[in-house]
Undergrad: 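Mind having a look at this structure? Questions to follow.
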Amino acid sequence: MTAPLQSYPFTMKRTLNFGAGPAILPLSVLSQASKAVLEIDGSGMSILEISHRGDLYEQIHNETKERILKLLELPTESYTVLFLGGGASLQFSMVPMNLLRPGDTADYVNTGEWSTKAINEAKRYGNINVAASSELEKFSSIPTQFEFSEKARYCHLTLNNTIEGTQWNCLPQTKRVPLVGDLSSELFSRKLDFARFGVIYAGAQKNAGPAGVTVVIIRKEMLTGIPSDLPTMLSYQTHAKGNSLYNTPPVFAIYVMGLVCQWIEEQGGIGGMEKQNEEKARLIYGALDSREDLFETVVKRREDRSRMNITFRLKDANHEKIFLKRTGELGMEGLKGHRSVGGLRASIYNAFPLEGAKLLSQFVMEFRV
Ligand SMILES: Cc1ncc(COP(=O)(O)O)c(C=O)c1O
């Protein structure tokens, strides 16, 4: 390699983890979590050992719920937070099971592999109207024309499409129909009109913490009319009534999510995060666009480009191996695209450092084969 980065005064202490999830976490959070693994709050016990019914955990649990609603600027009177298992994938079933009654219709917009999975699960429980789809363009854009049904119970969107690298930049107009959002790969990364959502769900392992907890933020009025014959553990009612303590919650994952929320507050809240995320994305897309001789972005329409997952290719696919080898030598890992689409992908979630985005953009600008 012809030392392309000598001009760049940056030495890495940690691997620059561009992985799509589980993903990079703030070092300060990891440091505090590692102390809590040995002992939490002078209790003489590890966070991994304390009872989920004790005062110490109860405080962590309730504070984390409060922090989540505060970050999203949602009022506690009308919204509640649930901590569930089963990943975002279980929400593909729980959402329609809980929100649809016999004969009901829900609108879904198909923007990628995860939306398709959500649609396929929902079809088991009600009439599903696919109001728009970008499948014919291999999900490389966000639809702009919709055919919403007259009386949908909700409209489901995947806000950020982790695999394809697209992101909704404005919410579609659904009149009074509440949105249900899969925010798995963008939770807490930017400001949105969250009050338009009846349900927001996300696996924590990208922007909000470690794997093991799924956060569901639900408008309280959506809890009325949930079918009473659902399996106990699959009913939002069970978890809302039991303050997500009906069964043993993933204590450690929730604890770390609470630390991540505090860290986001220190960054200036979601607004502060959004600025940093925009800057990181600007640097990397800017570099890719300036190297059209060798590189191409998968998402052509700029307004559809994800600020979380940047998907790109080398025009000659044989050069991708070289790219991955050299970035690996510089401590940049996780840049291989999702196995179903190939190519390359840089995931730059909240905790991904600006210096890392600078390093990748400089690398792209100086790349020679
Ligand atoms: C947008 C989106 N939805 C759902 C999922 C599935 O999440 P989980 O693995 O938590 O079930 C993922 C995982 O990458 C995702 O990116």
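Counting starts at 1 for both ligands and their atoms, in listed order.
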Undergrad: If the threshold is 4.0 Å, N to carboxylate O, is there a salt bridge linking D289 and R302?
TA: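 Salt bridge flag = yes for R302 with D289.
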Undergrad: Mind checking the CG-OG spacing from N161 to S140? Nearest 0.5 Å is all I need.
TA: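 Between atom CG of N161 and atom OG of S140 there are 11.0 Å.
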Undergrad: Between K191 and E73, is the closest basic N to carboxylate O distance under 4.0 Å?
TA: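 Judged by the 4.0 Å cut-off on N to carboxylate O distance, E73 and K191 do form a salt bridge.
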Undergrad: For residues 31-50, which residue pairs qualify under side chain to side chain donor-acceptor pair (under 3.5 Å), counting only residues two or more places apart or in two chains?
TA: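 Those involving residues 31-50 do not exist here.
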Undergrad: To which residues is V177 joined in a hydrophobic cluster, defined by side-chain heavy-atom contacts under 4.5 Å among Ile, Leu, Val, Met, Phe, Trp and Tyr, whether direct or through other members?
TA: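 When side chains under 4.5 Å apart are linked, V177 ends up in no cluster with other residues.
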Undergrad: So what's ligand 1 close to, N/O to N/O, under 3.5 Å?
TA:
| from | atom 1 | to | atom 2 | distance (Å) |
| --- | --- | --- | --- | --- |
| ligand 1 | 3 (N) | D182 | OD2 | 2.6 |
| ligand 1 | 10 (O) | A88 | N | 3.0 |
| ligand 1 | 10 (O) | Q205 | NE2 | 2.9 |
| ligand 1 | 11 (O) | A88 | N | 3.2 |
| ligand 1 | 11 (O) | S89 | N | 2.9 |
| ligand 1 | 11 (O) | S89 | OG | 2.6 |
| ligand 1 | 14 (O) | K206 | NZ | 2.8 |
| ligand 1 | 16 (O) | W114 | NE1 | 3.3 |
| ligand 1 | 16 (O) | T162 | OG1 | 2.5 |

Undergrad: List in chain and number order the residues that pass ring pair (Phe, Tyr, Trp, His ring centres under 6.0 Å) with W168, two or more places apart in sequence or in another chain; answer none if no residue qualifies.
TA: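 Checked W168 against ring pair (Phe, Tyr, Trp, His ring centres under 6.0 Å); matches are F146.
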